Amino acid sequence: MKATFGCLVIAAGICGILSYAFLATSLGTEYWFITERNPMKMSDLEDLNTHSGLWRINEGGKIYVFMDSFTANCSKCSETERHMLNMHSAIVVVLPCSLVLLLFGGICGLVSSLARSPVLLTRTASYFFICSLLTLSGVSLYIICSYQALAETERLVGPEGLAYVRTSFGWSLGLAWLSYGLEVLTGILLLVAARMARLQHRIPPCPDANPHSGSNTFKMGIIEL
């Protein structure tokens with residue numbers, strides 16, 4: 001039973017560390033959204049493949065910083081542009097918050113595992129589920145915002161302007177999805193570990209361990225004699 005509990009908490013710890021590493025790598029890289037242009041159909045000046053992250057975009061080897069969605073002047077922006085700026089503001093807040101919460105979740109998981117407390121393990125599992133919801137919300141908002149930006153671009157330049165452009169999501173977004181899955185798995189493993197710890201606390205003591213059992217048997221023998 002102890003070995004099984006130990007394997008569970010170790011597996012939960014590994015999953016938690018990997019989820020933190022994947023999310024941190026995802027936030028720090030610029031391969032969330034990739035745009036590829038066909039060089040056979042466009043001029044050399046237009047042959048610029050781009051890949052972007054949450055804060056920067058790399059276009060033809062040149063890095064540009066996104067407009068600050070919190071301090072941007074939206075007086076001349078359309079309703080769609082305002083909506084996308086608000087979504088981007090939510091994304092750059094939710095995902096870093098999830099990363100910070102994962103760090104504290106790892107500390108809570110270590111303490112609850114060492115204490116073998118079912119209550120602490122259950123609460124830590126719930127904590128990781130909340131982190132996974134934040135990660136899922138941020139990733140989902142990014143996907144929705146990207147599709148809306150693509151639709152707005154197509155409306156401005158027309159379908160023929162994007163005829164030779166291929167867009168796709170990059171491996172940075174894939175790492176964020178992996179982080180979400182590992183966060184959920186960490187919570188499940190901690191819940192199972194909490195159940196095992198609770199069952200261990202409920203195991204009744206062995207009858208042979210009663211220190212008075214030998215004297216009681218001796219007394220019964222005297223009475224029979």
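These numbers come from the heavy atoms of this one structure, side chains and all, not from hydrogens, waters or symmetry mates. This chain uses plain numbering: 1 for the first residue, then up along the sequence. Treat the numbers as computed from the prediction; the structure is a model and nothing was measured.
For the pair H51 (side chain) and E36 (backbone), a donor-acceptor distance under 3.5 Å is absent. Proximity of a side-chain donor or acceptor of S26 to a complementary backbone N or O of F22 within less than 3.5 Å is not detected. A distance-only check finds no donor-acceptor pair linking the side chain of E30 to the backbone of G53 [under 3.5 Å].
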query: Given S19 and S179, is the side chain to side chain contact (heavy atoms under 4.5 Å, CB included) satisfied, shown in steps?
result: CA-CA 4 Å; S19 66; S179 176; 3.8 Å; yes

task: Check the pair L54, F33 against side chain to side chain contact (heavy atoms under 4.5 Å, CB included), reporting the backbone distance first and the verdict last.
output: CA-CA 9 Å; L54 298 182; F33 195 78; over 6 Å; no

task: Kindly determine whether L190 and T122 satisfy side chain to side chain contact (heavy atoms under 4.5 Å, CB included), including the steps that lead there.
output: CA-CA 7 Å; L190 289 175; T122 303; over 6 Å; no

task: Give the C-alpha distance, both sets of side-chain angles, the deciding distance and a yes or no for side chain to side chain contact (heavy atoms under 4.5 Å, CB included) between L121 and S113.
output: CA-CA 7 Å; L121 287 169; S113 300; 3.9 Å; yes

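Taken from CG in L110 to CD1 in I107, the straight-line distance is 8.5 Å, to the nearest 0.5 Å. Here the straight-line distance linking atom CG of L102 with atom OH of Y20 works out to 8.5 Å at 0.5 Å rounding. To the nearest 0.5 Å, atoms OG (S140) and OH (Y180) are separated by 8.5 Å.
Residues N58 and S52 fail the side-chain proximity criterion, which asks for heavy atoms closer than 4.5 Å.
Between the side chains of T29 and S172, at least one donor-acceptor pair of N or O atoms lies under 3.5 Å. Checking T135 against S98 by side-chain atom types alone, a donor-acceptor pair falls below 3.5 Å.
Ring orientation note: the planes of Y147 and F169 are nearly perpendicular, at an angle over 60° on the 30°/60° scale.
Alongside V100, the hydrophobic cluster contains V94, L101, F104, Y127, L134 (criterion: ILVMFWY side chains under 4.5 Å).
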